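Comments concern the structure below.
Since the model is a prediction, treat every value here as computed from it, not as a measurement.
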Amino acid sequence: MQSPKTFKYTDQWGEEMDVILLRRQYMDGSLAVQMLCKADGYWDFWGDVTVNLCDATNQNASFAYVDTNNMPAVADFLSQNGLAIYTGMTRASGFCAYPLYAFTSEFFETCANEVEEVR
């Protein structure tokens, strides 16, 4: 089992941290992505990178809506690291419009699939 790749992530307040991405799945089968950060030597949950909007558009296991509402810097992070490509589509939910991203093979090769891989 290969260890997931560690990335540098700078949040909306300018704090830089080491992060890894964890690939999960929503109940409807669509792609869910979580971000873990290293704190005090341990990997801990930082936030949900994606949101589940129960949309047939993203039923493909490599597409997901990115949570730019709670993690404004995450879209640039994904693009700059070659992990996902913006499709040009968005979906509104409440007062927010979430962009739909196609996650790349680089993402699937470098992310963790199970929490046990990072503990």
Side-chain angles (χ1 to χ4, degrees):
M1 172 179 355
Q2 181 178 344
S3 296
K5 182 175 179 180
T6 302
F7 295 94
K8 293 289 184 191
Y9 176 72
T10 304
D11 67 15
Q12 62 265 35
W13 300 285
E15 183 180 342
E16 185 180 87
M17 63 192 87
D18 289 332
V19 299
I20 59 171
L21 299 177
L22 180 62
R23 182 175 70 178
R24 310 300 289 164
Q25 191 175 53
Y26 291 113
M27 292 297 291
D28 67 357
S30 60
L31 176 64
V33 180
Q34 295 177 321
M35 183 179 283
L36 305 177
C37 71
K38 198 154 206 176
D40 298 324
Y42 297 97
W43 291 105
D44 197 11
F45 177 76
W46 173 252
D48 291 312
V49 173
T50 58
V51 293
N52 186 13
L53 298 181
C54 298
D55 183 349
T57 307
N58 74 328
Q59 290 302 303
N60 180 313
S62 63
F63 287 81
Y65 289 98
V66 172
D67 190 357
T68 53
N69 180 44
N70 293 305
M71 298 179 78
V74 78
D76 288 338
F77 164 79
L78 293 170
S79 295
Q80 291 167 358
N81 286 288
L83 300 172
I85 301 166
Y86 178 49
T87 65
M89 298 173 60
T90 59
R91 172 120 187 256
S93 179
F95 293 106
C96 301
Y98 297 99
L100 182 65
Y101 274 74
F103 284 77
T104 64
S105 60
E106 175 73 16
F107 165 76
F108 291 101
E109 292 167 5
T110 61
C111 74
N113 295 315
E114 299 294 332
V115 174
E116 291 76 28
E117 294 178 37
V118 297
R119 298 283 177 211

Are Phe103 and Phe7 in one and the same hydrophobic cluster, where Ile, Leu, Val, Met, Phe, Trp and Tyr link if side-chain heavy atoms are under 4.5 Å apart?
yes

Can you tell me how far apart CG (Leu36) and CE (Met17) are? Round to the nearest 0.5 Å.
12.0 Å

Mind checking the SG-CD spacing from Cys111 to Glu106? Nearest 0.5 Å is all I need.
10.0 Å

Look at the side-chain heavy atoms of Ile, Leu, Val, Met, Phe, Trp and Tyr, link any pair under 4.5 Å apart, and say whether Tyr26 and Met71 land in one connected group.
no

Is there side-chain contact between Thr50 and Leu31, with heavy atoms separated by less than 4.5 Å?
no

Where Leu78 and Val66 come nearest, the two heavy atoms and their spacing
CD1-CG2, 3.8 Å

What I'd like to find out is whether the side chain of Trp13 reaches to under 4.5 Å of the side chain of Asp11, using heavy atoms alone.
yes

Side chains of Val19 and Trp46 in contact at under 4.5 Å (non-hydrogen atoms)
no

Could you report the tightest heavy-atom contact between Gly82 and Thr104, atom names first, then the distance?
O-OG1, 2.6 Å

If you take all heavy atoms of Lys8 and Phe77, which pair is closest and at what distance?
O-CE1, 3.6 Å

Gap between atom OG1 of Thr10 and atom CD of Gln12 - 0.5 Å precision
11.0 Å

List the steps, then state whether side-chain contact (heavy atoms from CB on, under 4.5 Å) holds for Asn70 with Asp48.
CA-CA 8 Å; Asn70 293 305; Asp48 291 312; over 6 Å; no

In terms of heavy-atom contacts, Ala102 and Thr87 come closest through N-CG2, 3.9 Å

Is Leu21 reachable from Phe108 through a run of hydrophobic residues whose side-chain heavy atoms are each under 4.5 Å from the next?
yes

Would you indicate whether the side-chain heavy atoms of Tyr9 and Asn81 approach each other to under 4.5 Å?
no

Same hydrophobic cluster for Phe45 and Trp43, using side-chain heavy-atom links shorter than 4.5 Å among ILVMFWY?
yes

Do Val49 and Gln34 have side-chain heavy atoms sitting under 4.5 Å apart?
no

Can you name the nearest heavy-atom pair linking Val74 to Asp67, along with the distance?
CG1-O, 4.1 Å

Among Tyr98, Tyr101, Tyr65, exactly one meets ring pair (Phe, Tyr, Trp, His ring centres under 6.0 Å) together with Tyr86. Which residue is that?
Tyr101

If you look at every heavy atom in Pro99 and Thr90, which pair is closest and at what distance?
CA-CG2, 3.9 Å

